[in-house]
2 protein chains.
Amino acid sequence: MTSIMDARRIEVLHAAAELLALKPASSLAEIASHAGIGKATLHRYFSSREDLMLALGYQALEMVSQAIQNAQLDQGSAIEALTRVAEALVPLGDKLHFLLNEPTVDTHPDFKAAENNTLEPLYQLVQRGQSSGELRSDLSPTWILYILNYALFATWQSVHEGDLARREAPAVLMTTLFKGIATR
Amino acid sequence: MTSIMDARRIEVLHAAAELLALKPASSLAEIASHAGIGKATLHRYFSSREDLMLALGYQALEMVSQAIQNAQLDQGSAIEALTRVAEALVPLGDKLHFLLNEPTVDTHPDFKAAENNTLEPLYQLVQRGQSSGELRSDLSPTWILYILNYALFATWQSVHEGDLARREAPAVLMTTLFKGIATR
DNA sequence: ATCAAGTGAGACCATTTTATCTCATTATTG
DNA sequence: CAATAATGAGATAAAATGGTCTCACTTGAT
């Protein structure tokens, strides 16, 4: 009973994320319509807009978490591991895009903590890269994660805008991130 | 008469940009209040919300344009020139931040053109850097401008969040951008 | 000092959006 | 097949917001 509802909720969340990526100011009516359900049903799943947004946020975190697990961060060099995560994350742009803009989500107290929690493995990966000498040690891990995050957004936007081919996007992202834009 | 009103308008715009950077969904009442004026007066300056947002966008472009002119892009190496622009742009974070999220502004037809227009010198600077061999030629200038833009946002956010000292922000930004996060 | 212009506070209306509720219809389950 | 649960469409209320207007008050120019 709840399991089937959970499955349905997830479908709705994906539809919502998809629409919000295109139009961040979508109303609940639009979201329901885009998900192929009625307003009433949407409210049965998520009691308020904030509730929906929060669920959306946690779902996004869950997807990132999955990507991180699949990437097997402890295998191979730190750079290889980072590349694997990035490659897994780039296609998720649509579903993660709203995380940047939506104030509802990142002002919520618990959410920040959850976010830090799921990003923790990445943090440790960066530290491993610094210890092994692969990554610059004169940059703080926090800053490196920041720039990784925003570079991902740049990639998504660029692909969405048509300035960057989807196939080569991850490679361009990684070489830019690792080697920079200057010739050595 | 109009000149004094123009001056007042500009003050209001700065206050509005400041507030919107903190809370992108601010109502007109909040904006007016934060600017220290009444709702009615705000409407006397800007006849509608869209009007205000657009003025905000053009003001932001104007500030960027000024920064570009002051940076004397044709002087010295491309890297030096880029560094000068970035240093000028970093402190303007608050005023430019909303440019990323606000749909009102970047969907407007004329605005995109104006934006491309004021960014044109930067585009040429990047091309100069590629010709002189300072910047990688296997990256498209468009992509380089994208990543520069988002790296700036990362810097603003990072400074705002307290993770990066304002003084060293430009240097960190530029070395990350030019040399990347990997050890050569 | 006087007069005109501009301003602020808030009432007011129209519109949009969230949220609740009802009810007929459809699925589901036993 | 029958009973029960879930759904969709829409009516409705409640809240928020954009935009207009009035009016008393301040400011500044003459």
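Computed from a prediction, not measured in an experiment: that's the story for all the values here. In what follows, every chain begins at residue 1, and chains take the letters A, B, ... in the order their sequences are listed.
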Polar pairs (N or O, both sides) under 3.5 Å between protein and nucleotides 15-21 of chain C?
residue: C/dT18; atom: OP1; partner: A/Arg49; partner atom: NE; Å: 2.9
residue: C/dT18; atom: OP1; partner: A/Arg49; partner atom: NH2; Å: 3.2
residue: C/dT18; atom: OP2; partner: A/Leu28; partner atom: N; Å: 3.0
residue: C/dA19; atom: OP2; partner: A/Arg49; partner atom: N; Å: 2.8

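- Listed by chain and number, the residues in a side-chain hydrogen bond (donor to acceptor under 3.5 Å, both in side chains) with B/Glu11 are B/Arg8 (sequence neighbours excluded).
- Residue B/Ile37 contributes atom CD1, which lies 19 Å from atom P of D/dT26 at whole-angstrom precision.
- Rounded to a whole Å, the CD atom of A/Glu11 is 15 Å from the C1' atom of D/dT7.
- Applying the salt bridge (Lys or Arg N to Asp or Glu O under 4.0 Å) rule to pairs touching residues 115-144 of chain B yields B/Arg136-B/Asp138, sequence neighbours excluded.
- Pairs engaging residues 156-173 of chain A under the side-chain hydrogen bond (donor to acceptor under 3.5 Å, both in side chains) rule: A/Gln157-A/Glu161, A/Gln157-B/Tyr150 [sequence neighbours left out].
- Within the structure, the salt bridge (Lys or Arg N to Asp or Glu O under 4.0 Å) test picks out no pair touching residues 145-157 of chain A (sequence neighbours left out).
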Please list every donor-acceptor pair under 3.5 Å in which a side-chain atom of residues 57-72 of chain B meets a protein atom from a residue at least two apart or in another chain.
residue: B/Gln59; atom: OE1; partner: B/His14; partner atom: NE2; Å: 3.3

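- Partners of A/Ser47 according to the side-chain hydrogen bond (donor to acceptor under 3.5 Å, both in side chains) rule, which considers only residues two or more places apart in sequence or in another chain, are A/Asp51.
- Distance, B/Arg8 CZ to C/dG6 P: 14 Å, rounded to whole Å.
- Close to C/dG6, at under 4.0 Å from its OP1 or OP2, lies no side-chain N or O of B/Tyr45.
- In this model, a donor atom of one side chain and an acceptor atom of the other lie less than 3.5 Å apart for A/Trp143 and B/Thr176.
- Here the C1' atom of nucleotide D/dT17 and the CG atom of B/Leu42 are 13 Å apart, to the nearest Å.
- Each end of the helix from C/dA1-D/dT30 to C/dG30-D/dC1 gets its own axis, taken as the rotation carrying the C1' atoms of four end pairs onto the next four within a five-pair window, and the two axes meet at 30° to the nearest 10 degrees.
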Review item, side-chain donor-acceptor pairs of residues 102-111 of chain B, under 3.5 Å, at least two apart:
residue: B/Glu102; atom: OE2; partner: B/Thr104; partner atom: N; Å: 3.4
residue: B/Glu102; atom: OE2; partner: B/Thr104; partner atom: OG1; Å: 2.4
residue: B/Thr107; atom: OG1; partner: B/Pro103; partner atom: O; Å: 2.9
residue: B/His108; atom: ND1; partner: B/Glu50; partner atom: OE2; Å: 3.4

